Structure formats: structure tokens, C-alpha cells
Amino acid sequence: MSQEKCLFCRIASGELPSKKVYEDEEFVAFHDIRPAAPLHVLLIPRKHIASLSDLKPDDAPLLGRMMMTVGKLAEQLGVAYTGGETGFRTVFNTGPGGGQEVYHLHAHILAGPGPWSRMG
Ligand code: AMP
Ligand code: ZN
């Protein structure tokens, strides 16, 4: 899959529409078009990386910042773990064996009352 044709590269650049909830110079987050939970957001790096199995050692700092952004985003979306029954789930599907459909690295952030339809 070339980057020009990659669905999430085109969403990150704004070429394709999405319901964005967050963006900075390095990451974009938007609502999943087929939500599996009451809150279902995808966080992607602007850099095209196909999957967790395609990471290079140089990507480690970006991954660290991505996980920091997951925490920040959860707070912004009102689903951070603040005690009691609060919190959220983070999922990375990798390859056909992991159910990956879009080959641009993304973290699923899911939250809200269950039962969830997928990834529950
Ligand atoms: P995965 O199976 O981990 O590759 O997840 C890909 C996710 O992208 C699925 O949950 C899809 O519902 C979601 N998705 C596909 N196309 C779009 C789109 N145009 N906008 C938002 N989410 C999408
Ligand atoms: Zn891409």
C-alpha cells in the first residue's frame, strides 16, 4: 500500500474527512466510523508506519510520545482512569492474525458502558 493511497494518511492530511477530536504536529485522533463502543477513537501518527511489526528502532521516541498522547486524549475525552469504575481500553491490531484492516499504525481507544460489539 503506497502512502498516497493509504486511507489514514489521507485522513491525517485532511484530504479525506473525519470527525477529528485532536491533532498536533505529529498525531491525529478521530472517531472510528464503525464504533465498537460508546466512545471509539483512533489515534494515528502522521508518519506512515504500517503496523507494530514494521517499527524501526528510530520510531521508539515517536511510540513513546504516542502512548503519552493516548493518556492525554483519554483525559480530554473524559475517560481517563480516575478511580472507581473509570478507565478505557487501548487496542493495536497487527496483521490479519490480529484483525488489522487498515495498514497505518493506529491505537483504538474504547470506553463507555458495555456490552461492546467488537474488541470487547
Ligand atoms: P483495524 O481493524 O485495527 O485496522 O481498525 C481499522 C478501523 O478503522 C476500524 O475500526 C474501522 O471501523 C475504522 N475505519 C475505517 N475507515 C474509516 C474512516 N474513513 N474513518 C474512520 N474510521 C475508519
Ligand atoms: Zn498511511
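Both counts, for ligands and for their atoms, begin at 1 and track the order of listing. Just so it is clear, the model here is predicted, and its values are computed rather than measured.
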Check: Cluster question for you: counting only ILVMFWY and a side-chain heavy-atom cut-off of under 4.5 Å, with indirect links fine, are V91 and L73 together?
Finding: no
Check: Once you round to the nearest 0.5 Å, how far does OH of Y22 lie from CG of L77?
Finding: 11.5 Å
Next item on the list: Can you pull out the closest protein heavy atom to atom 9 (C) of ligand 1? Residue, atom name and distance to 0.1 Å, please.
Entry: D32 OD2, 3.3 Å
Checklist line | Approximate separation, where rounding is to 0.5 Å, of D58 CG and L63 CG | finding: 12.0 Å
Check: Are the ring centres of H104 and H106 closer than 6.0 Å?
Finding: no
Notebook entry, point to check: With atoms numbered from 1 as shown, which atoms in ligand 1 lie under 4.0 angstrom from a non-hydrogen atom of R34?
Noted result: 12 (O)
Next item on the list: Check each heavy atom of H31 against ligand 1 and say whether those closer than 4.0 Å belong to the side chain, the backbone, both or neither.
Entry: backbone
Next item on the list: Find out if a path of hydrophobic residues (ILVMFWY) with successive side-chain heavy-atom gaps under 4.5 Å connects M67 to Y81.
Entry: no
Next item on the list: Select one of side chain, backbone, both or neither to describe which atoms of L16 lie under 4.0 Å from any atom of ligand 1, heavy atoms only.
Entry: neither
Note to self: Give me the atom names and distance for the closest heavy-atom approach of M66 to F92.
What the structure shows: CE-CE2, 3.9 Å
Note to self: For the SG atom of C6 and the CD1 atom of I49, what is their distance to the nearest 0.5 Å?
What the structure shows: 11.5 Å
Check: At the 4.0 Å heavy-atom cut-off, does S18 count as touching ligand 1?
Finding: no
Next item on the list: Could you tell me whether ligand 1 has any atom less than 4.0 Å away from a heavy atom of Y103?
Entry: no
Note to self: Among all the protein's non-hydrogen atoms, which is closest to atom 17 (C) of ligand 1, and how far away is it?
What the structure shows: I33 CG2, 3.6 Å
Next item on the list: Have a look at the Zn ion (ligand 2) and estimate, to 10 degrees, the angle subtended by ND1 (H48) and SG (C6).
Entry: 110°
Check: In Å, rounded to the nearest 0.5 Å, how long is the span from OG1 of T94 to CG of L105?
Finding: 7.5 Å
Margin query: Could you check whether any heavy atom of H108 sits closer than 4.0 Å to an atom of ligand 1, since that is the contact criterion I want to use?
Written below: yes
Note to self: Using a 4.0 Å heavy-atom cut-off, which part of F92 comes near ligand 1: side chain, backbone, both, or neither?
What the structure shows: neither
Check: Atoms of ligand 1 less than 4.0 Å from F8 heavy atoms?
Finding: 8 (O)
Next item on the list: Could you tell me the residue and atom name of the protein heavy atom closest to atom 2 (O) of ligand 1, and the distance to it rounded to 0.1 Å?
Entry: G99 O, 3.0 Å
Margin query: As an exercise, state the distance from NZ of K47 to CD1 of I44, rounded to the nearest 0.5 Å.
Written below: 14.0 Å
Check: So which heavy atom in the protein is nearest atom 6 (C) of ligand 1, and how far is it from that ligand atom?
Finding: H106 NE2, 3.6 Å
Margin query: With heavy-atom distances below 4.0 Å as the criterion, list the atoms of ligand 1 near I11.
Written below: 18 (C), 19 (N), 20 (N)
Check: Of all N/O/S atoms in H104, which lies nearest to the Zn ion (ligand 2)?
Finding: ND1
Next item on the list: Identify the protein heavy atom lying closest to atom 4 (O) of ligand 1, giving its residue, its atom name and the separation to 0.1 Å.
Entry: E101 N, 2.6 Å
Next item on the list: Nearest 0.5 Å please: distance from the CD1 atom of I33 over to the NE2 atom of H31.
Entry: 12.5 Å
Next item on the list: Look at the aromatic rings of H108 and H40 and report parallel, tilted or perpendicular, splitting at 30° and 60°.
Entry: tilted
Next item on the list: Indicate, with yes or no, if V28 and M68 share a hydrophobic cluster defined by side-chain heavy-atom contacts under 4.5 Å among Ile, Leu, Val, Met, Phe, Trp and Tyr.
Entry: no
Checklist line | Option among E23, E25, E26 that satisfies the side chain to side chain donor-acceptor pair (under 3.5 Å) test with R46 | finding: E23
Check: Nearest protein heavy-atom contact for atom 16 (N) of ligand 1: which residue, which atom, what distance?
Finding: L7 CD2, 3.4 Å
Notebook entry, point to check: Judging by distance only, is a nitrogen or oxygen of R118 under 3.5 angstrom from one on ligand 1?
Noted result: yes
Note to self: For the 3.5 Å polar cut-off, considering only N or O atoms, please tell me whether F30 and ligand 1 meet it.
What the structure shows: no
Checklist line | Interfacing atoms of ligand 1 (cut-off 4.0 Å, heavy-atom, Q100) | finding: 2 (O), 4 (O)
Check: With atoms numbered from 1 as shown, which atoms in ligand 1 lie under 4.0 angstrom from a non-hydrogen atom of N93?
Finding: 1 (P), 2 (O), 3 (O)
